Amino acid sequence: MSAAAARARRVPLPRGFYEVDPLVLAPVLLNKLLVRGGRAGRIVEVEAYRGGEDPASHAFRGRTARNATMFGPPGRLYVYFTYGMHFCANVVCMPEGVAGAVLLRALAPVDGLEEMRAARTAWAAGRGGRPAPGSGSGSRSACDRDLASGPARLCQAMGIGRDEDGADLVTGRGGLRLVDDGVPPPATPGVSGRVGIRQAADLPWRLWVPGDPNVSRARARPAVHRR
DNA sequence: CTTTGGATCGTCT
DNA sequence: GACGATCCAAAGG
């Protein structure tokens, strides 16, 4: 099928799709498409974060100015800033008033790779880095595997920052949409503990599409904090 | 290949 | 005042 026909097949996910527990939403989010203008990426890795009963969740200690979006209507994007330089994006779920979210950890680039490379290069240039490998060529390179492989890289590639916090993925208000193009979630996703957290690190709430090269490669050992 | 340290700032204690 | 749902480059094997 042509690229145009493939795009025509993309249908938005209804509000009710998101009105569920993060543990229910996470597996069915796999293989859905995140779309922004000419850019599109397939979700290949996620992590579930619950609210009050999940010590690793930003919402664990209740509602604050930062995590307010997590308590809002489902189907929106919760974007937060961390490590003094990175953004991460979550899909908000559960009924309004109840916190819950699924962190997007990796996309397989589908459309707009040029734009994604440019966005990543611009980010690197902003901090004095070199152009991203592969930028400038029009074809796919091996480096494209890393274009959106990781929660902060994904935000760089899709141009997600402060302004996208609260963007509605159902209506597209805010510039971002989440759509189904007919590719089903994996019958048996890969499972592991969540990355980069200290609390509840053993819960198997990280899921990915088995065999996909864009899944973030976990460090050999989680960062050990010295004493 | 693996491991380490630096960058950098909003948020909550 | 500490530290984080991270990334990158450099150094070491």
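Given the structure is predicted, the values throughout are model-derived calculations rather than measurements. In what follows, chains carry the letters A, B, and so on, assigned in the order in which the sequence lines appear, proteins first and then strands, with residues in each chain numbered from 1.
Separating the CG atom of A/N67 from the P atom of B/dC12 is a distance of 7 Å, rounded to the nearest angstrom. Residue A/F60 contributes atom CZ, which lies 14 Å from atom P of C/dA5 at whole-angstrom precision. Counting to the nearest Å, the P atom of B/dT11 and the CG atom of A/D165 are 10 Å from each other. The nearest whole Å value for the distance from the CD1 atom in A/I160 to the C1' atom in C/dT6 is 15 Å. Atom-to-atom, CZ of A/R105 to C1' of C/dC7 comes out at 12 Å; the value is rounded to the nearest Å. Distance, A/L103 CG to C/dT6 P: 8 Å, rounded to whole Å. Per the geometry, CE belonging to A/M85 stands 9 Å off C1' belonging to B/dC9, to the nearest Å. If you measure from atom CG of A/L104 to atom C1' of C/dT6, you get 15 Å, rounded to the nearest angstrom.
With both pairing distances under 3.5 Å, C/dA5 is matched to nothing as a Watson-Crick or G-U wobble pair. Pair assignment for B/dT8: none, as no Watson-Crick or G-U wobble contacts are both less than 3.5 Å.
For A/T64, the side-chain atoms get nearest to B/dC12 when compared with the rest of C/dC7, B/dC12, B/dG10. Distances were taken from every side-chain heavy atom of A/Q156 (C-beta onward) to each of C/dT6, B/dT11, C/dC8; the shortest belongs to C/dC8. Checking C/dA5, B/dC9, B/dT13 against the side-chain heavy atoms of A/S57 singles out C/dA5 as nearest. The side chain of A/F81 lies closest to B/dC9 when the candidates are C/dT6, B/dC12, B/dC9. Looking at the side chain of A/R198, the nearest of the listed nucleotides C/dC7, C/dG4, C/dA5 is C/dG4.
Using a 4.0 Å cut-off between charged side-chain N and carboxylate O, A/R36 and A/E115 make no salt bridge. In this structure, A/D168 pairs ionically with A/R15, as a charged nitrogen and a carboxylate oxygen lie closer than 4.0 Å.
A side-chain N or O of A/R206 and one of A/S192 form a donor-acceptor pair less than 3.5 Å apart. With 3.5 Å as the limit, one finds no donor-acceptor pair spanning the side chains of A/S149 and A/N214.
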How far apart are the C-alpha atoms of A/H58 and A/Y80, what are their side-chain angles, what is the distance that settles it, and do they pass the ring pair (Phe, Tyr, Trp, His ring centres under 6.0 Å) test?
-> CA-CA 10 Å; A/H58 288 170; A/Y80 67 89; 4.5 Å; yes
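At a cut-off of 3.5 angstrom, the base of B/dA7 holds no donor-acceptor pair with the side chain of A/Y83.
A close approach under 4.0 Å does not occur between any side-chain nitrogen or oxygen of A/R61 and OP1 or OP2 of B/dT11. Phosphate contact (OP1/OP2 of C/dC8, side-chain N/O of A/R120, threshold under 4.0 Å): present.
At the heavy-atom level, A/A56 lies under 4.0 Å from base atoms of the strands shown. Backbone-only contact: A/R66 has heavy atoms under 4.0 Å from sugar-phosphate atoms and none from a base.
For the salt bridge (Lys or Arg N to Asp or Glu O under 4.0 Å) test with A/R42, the passing option among A/D181, A/D111, A/D180 is A/D181; the others fail.
Atom name C1', nucleotides B/dG5 and C/dC3: the rounded distance is 16 Å, in whole Å.
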